[in-house]
Amino acid sequence: MTPALLAILALCATGMLGVIWARLPAGRWGVYSASLGLSVVLMLVGIGALAAPPSGLTLPLGVPWIGVHLRLDALAGFFLVVVNLGAGGASLYALGYGQHEKMPERVLPFFPVFLAGMNLVVLADDAFTFLFAWELMSVSSFALVIAHHRESGTMLAGYVYLIMASLSALLLLLAFALLAGPAGDYAFALMRARAVTPGMAGAVLLLALLGAGAKAGLIPLHAWLPLAHPAAPSHVSALMSGVMTKVAVYGFIRIVFDLLDGKLTGPPAWWGAVGVLALGGVTAVGGILYALMESDLKRLLAYSTVENIGIIFIGLGLAMAFRATNFPAGAALALTAALFHVFNHAVMKSLLFFGAGAVITATGARDMEQLGGLIHRLPQTSFAFLIGAAAISALPPLNGFVSEWLTFQAILLRPDMPQWGLKIMIPTDGALLALAAALAASCFVKAFGITFLGRPRSALAAAAHEVDRFSRAAMLGFAALAVLAGVLPGVLIDTLAPVVSAVLGARLPVQITVPWLSIIPVAASRSSYNGLLIFTFLTSATLLTVFVIHRFAARTLRRAPAWDCGFPDASPATQYSGASLSEPLRRVFGTTLFQARTVVTLPPPGDTGPARIVKSRRDPIWDFLYAPVGQAVGRMADVMNHLQFLTIRRYLAFVFIALITLLLALALWQ
Amino acid sequence: MNPLSYDVAKLLAGLLVLASFLMLYQVRLSALLNMLGVHAFILALAVAWQATIQHAPELYITALITLVFKALLIPAALQRIVTRLGLHREIEAITGIGLSMLAGIALVALSLEVMLPVTAHIDPVTREDIALALSVVLIGLLMMVTRRNAVSQVAAFLSLENGIDLAAAGAEGMPLVVEISVAFSALMAFLVIGIFLFRIRERFDTVDIRALDEFRGDRR
């Protein structure tokens, strides 16, 4: 506990030093290597806490009658590992990537503070410390989002992000207020001990779902995510997408599975789970549909984060449903799947954002329609990106497959619950999850194919060079981690077991004793999976094919112009583009959901002007949810603006009337 | 509690409210300022009486300050200003004097209605004092809202401040420092406002605050 606290304080101190160091050429080395070292320390603390009994610490700081409570239990330990794995990777990546930063003084002071905030959220053991750390995380990441404030759209992104972050903090504040009760028991230990009525529990669940969901990116509260994540520098995007959303998931798990669990007057209601499942399913499919329409690489990745948050929440919803219906083994499986996906997504999404950052560094372009052919110019980056894309598309033997497979196992475990809501929702979520997985694969075929394959679509892409060795080390390291977690899932499941049993009181069977590193989540007769087998098969089959081709095919390698259909030297712009790839799906889903329209304007005969094809789409959630709120606020501001131009007497009269009204209310109330 | 001391305290507080009503009624500036002096004089008496019944000698100092500054110096100075500005014959056009008198009565009723239940547990002298002091404050505010002339607004503000003083004197155990600083703040307010009056007059040839609104260009 103490080393963790010291490391967090050291991160804050690094942030302070960053203010001074930012002006020095070596400042980047100082800040990022300190962040890297401290992340490693914190990760080790987290690993140590996975199987250890909870340890706590109370400091006489903060609000006098509450103090600062910190606690490191198995759940906090796991999230400490996830946070600091991503943080360490991002710091390593930034050692190289950060040298392209034009305004280091706007990034260096906030980066370590952001890390400190995320770590502190995980360790907090009272509502005040939790919300303080939550806000520290939000505000420092806001500062990082607006680092490049002169680029168009960045300030809007920062503004929307700040509003959504405030909303999320407000909702969590209300949730904690309900949990603390009239006596003001703000320490988590006291909240656990308080009795909660089912109605109250439902209200807390709703507030926690929306509060944590706004930060995690649950649809319809996701609007800030595709704006803010791409606006930040890439290592910060990796942190925000890969790690900060997981801290939000942690907040949800802590409130719903831990604090609410204490002394419920009855068993937890199953209908709460239906809401979580529904939002999770909608988020999974909606997020990836948005991603498919994108041609900006970082926005695509941000939308894909929305999808994965949906998958995690499906797992959490299943765990809630099984816990409410008194089926601990199923709950353990679902929670394991969700936590596994938390870990996987942190690895995959950090890797993919690192890759996107490398592409941006190498070419200066974010729009996929300007890229292409990078596999020859950035061979190592493209290899790492390919691993990440395959993993996030849930392809075996990589890690993304295992967690989605586990989620499916949990869905198939009991699709016919007696409660009507669950009976409908669980199979629906199964279908939505399958759809999301398929769409994700198609989305990442597009992301990888358009960016790295084909011919360069612009001069920028043609002139690209491989990035520095720190960036490559971070990407290849995370790619190795994705393979490792996919090949050895049993080890990870066993590592998660103490976390799951600390939360639910039940766990999955021990996997490490299963022969040949298979995993058997429920029973051997039901399902099993062996990542190693698939990995070995794929590797040997590939090697064999390569060998056969090289051994028996023609020895001489000829490079010749590709057959050009009779149009010699076609422009690279005539290649299949990202928009072409997603056009069928755009037609199928987008026409009604996104109002996607294509208007072709042909010039009249005799006119030499070009024909135009205009594609348009609308975001229904933005149009129906965000725009009206924004307009209402604007209208209110217009009306209130008149108050700025009254006479002194009118202002005095306002004071007078307000006073009289309050006194009247007092008189009548008595 | 001696019934006589109770009655006298109540009488003085009541007289202060009456003086407030009289101020509300005045349309001529010099008459208004005379009434302000009377208002402060009654306040000085009330504070002195409180000093006697509470056996709090420091309240005599407060009474003295009130008498010297608020009852004599400030009204005299304001009179001088009015004379120098040539306003002493001016009749302020206030609409609805009867209506504002009625409103004043309602305010007294309201403050009694609010204050008496709230202060049920404290001793009756303080109770009445606080209730009546609140009505003095409210009438002062009402006057500030209804008057347009800057000088009469100053007078209204000072009468409001007298109400606060009455409440403070009634509450036992009020430290002298606080009272002195309150009195001092009133003096400073008077100085600042006095200077402003001349500046306003210099610029606009009037102390009618409507001129200020016009100057801002947003009179409505």
Side-chain angles (χ1 to χ4, degrees), chain A residues 60 62-66 128 155-156 159 162-163 166 170 173-174 176-178 180-186 627-670, chain B residues 24 92 94-96 100 103-120 130-131 133-150 152-154 156-157 160 163-164 193 196 200 204 207-220:
Chain A
V63 184
W65 61 95
I66 302 174
F128 183 79
M155 287 315 286
L156 174 73
Y159 181 61
L162 201 60
I163 290 178
S166 315
L170 174 70
L173 180 74
L174 295 176
F176 283 129
L178 282 182
D185 300 330
Y186 288 105
V629 174
Q631 282 163 5
V633 171
R635 268 199 300 275
M636 242 156 66
D638 277 350
V639 172
M640 306 274 263
N641 196 25
H642 292 297
L643 288 181
Q644 304 283 334
F645 303 101
L646 296 183
T647 63
I648 300 171
R649 279 181 64 228
R650 288 216 177 141
Y651 286 128
L652 273 176
F654 275 145
V655 174
F656 184 61
I657 289 167
L659 183 62
I660 297 298
T661 315
L662 289 176
L663 286 175
L664 268 177
L666 190 63
L668 293 176
W669 181 54
Q670 282 163 356
Chain B
L24 197 57
E92 210 178 347
I94 317 167
T95 46
S100 59
I105 293 167
L107 289 178
V108 175
L110 176 66
S111 50
L112 287 176
E113 183 61 32
V114 169
M115 273 306 174
L116 292 184
V118 171
T119 52
I130 288 180
L134 179 65
S135 45
V136 172
V137 169
L138 290 180
I139 293 172
L141 256 178
L142 178 65
M143 212 183 325
M144 284 184 85
V145 174
T146 49
R147 301 280 168 137
R148 289 183 188 281
N149 189 300
S152 38
Q153 286 202 327
V154 174
F157 173 74
L160 182 157
I164 296 173
I193 294 168
F196 262 101
I200 294 169
F204 302 108
V207 286
D208 190 324
I209 56 168
R210 276 179 291 188
L212 292 180
D213 303 336
E214 275 166 25
F215 177 64
R216 286 205 321 182
D218 50 29
R219 171 116 190 275
R220 357 199 119 184

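All chains are named by letter (A, B, ...) in the order of the sequence lines, taking the proteins before the strands, and each is independently numbered beginning at 1. These numbers come from the heavy atoms of this one structure, side chains and all, not from hydrogens, waters or symmetry mates. Nothing here was measured: the structure is a model prediction, and the numbers come from that model.
- Contacts of A:Phe176 classified as ring-ring contact (aromatic ring centres under 6.0 Å, His included), with partners at least two apart in sequence or in another chain: A:Phe130, A:Phe188.
- Separation of atoms CG (A:Leu652) and CD1 (A:Ile657) is listed at 11.0 Å; rounding is to 0.5 Å.
- Remark: A:Tyr159 pairs with A:Ile163 by the side-chain contact (heavy atoms from CB on, under 4.5 Å) rule, at least two apart or across chains.
- Interface remark: A:Leu664 contributes backbone and side-chain atoms alike to the contact with chain B (heavy atom separation under 4.5 Å).
- Taking every heavy atom of both residues into account, B:Leu138 and A:Leu663 meet most closely at CD1-CD1, 3.8 Å.
- Along residues 107-114 of chain B, the residues that come nearer than 4.5 angstrom to chain A, judged on non-hydrogen atoms, are B:Leu107, B:Leu110, B:Glu113, B:Val114 in order of number.
- The heavy-atom pair separating A:Phe656 from B:Leu141 by the smallest distance is CD1-CB, 3.4 Å.
- Judged as a side-chain contact (heavy atoms from CB on, under 4.5 Å), and not counting sequence neighbours, A:Leu662 has no contacts.
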